[in-house]
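Since we're looking at a predicted model, the values are computed, not measured. Note on naming: letters A, B, ... go to the chains in the order of the sequence lines (proteins, then strands), and numbering restarts at 1 for each one.
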Amino acid sequence: GDSVTQMEGPVTLSEEAFLTINCTYTATGYPSLFWYVQYPGEGLQLLLKATKADDKGSNKGFEATYRKETTSFHLEKGSVQVSDSAVYFCALSEVRSGAGSYQLTFGKGTKLSVIP
Amino acid sequence: NAGVMQNPRHLVRRRGQEARLRCSPMKGHSHVYWYRQLPEEGLKFMVYLQKENIIDESGMPKERFSAEFPKEGPSILRIQQVVRGDSAAYFCASSPGSGGRPFTDTQYFGPGTRLTVL
């Protein structure tokens, strides 16, 4: 079945450091890929998405490129801020045959802490 | 435009009681999804509903759990005879059900209901 693997956390960075959170996936077809962010005590917010190979999703300085050849969707940001401290989830969605369901399959999440 | 609403935000139940979680999707959204997040885990899909229909309940435990999305009113996730292992955060998401490639439909999440079973 579908699965998402993302790097284990927690990740601690100093402000203005470069961020990479690795994400790889396994899927039978051509999924859409997402990064969601969860701030403490809150629900998930969509950060960015890509729907086909070589697409680049970007938002708030974060970027991720859909790499079909390596089945990856790594999240990057050139200069992190304290306000970026949160848990980041990589996810994919793919139609289930027959059911027409678009359920999201999530990785376990990577906790990022940015210190001043 | 209000986002996805969930209530209550926190719910405490004793073993054997019933838990009822509510979700109001974003205005104009006709698709609702429920996910469960156990401590230190990612979210796991439970059920996908459209108005008055359960489309996919492949992630729902076979016993004690049920979900509905009536023609009027919020979607309800019901857990009967709760046990300690049901303690988790339950998130609802909604999507518009766009006419394009179905799996590009973005899901928007509510703040979650944190269920604690004593």
* Where does B:Gln6 contact chain A at under 4.5 Å (heavy atoms): side chain, backbone, both or neither? ->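 Answer is neither: B:Gln6 stays 4.5 Å or more from chain A.
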
Ring-plane angle category for [X] and [Y], please: parallel below 30°, perpendicular beyond 60°, tilted otherwise.
X	Y	answer
A:Tyr36	A:Phe106	tilted
A:Trp35	A:Phe73	parallel
A:Phe62	A:Tyr88	tilted

* Is it the backbone or the side chain of A:Leu46 that comes under 4.5 Å from a heavy atom of chain B, or both, or neither? ->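 For A:Leu46, the contact with chain B is made by the side chain alone.
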
* Asked: Which atoms of A:Gln38 come close to chain B, meaning under 4.5 Å heavy atom to heavy atom: side chain ones, backbone ones, both, or neither?
  ->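 Side chain only.
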
* Decide whether B:Tyr33 and B:Ser95 meet the rule of one side-chain donor and one side-chain acceptor closer than 3.5 Å. =>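 There is such a pair between these side chains.
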
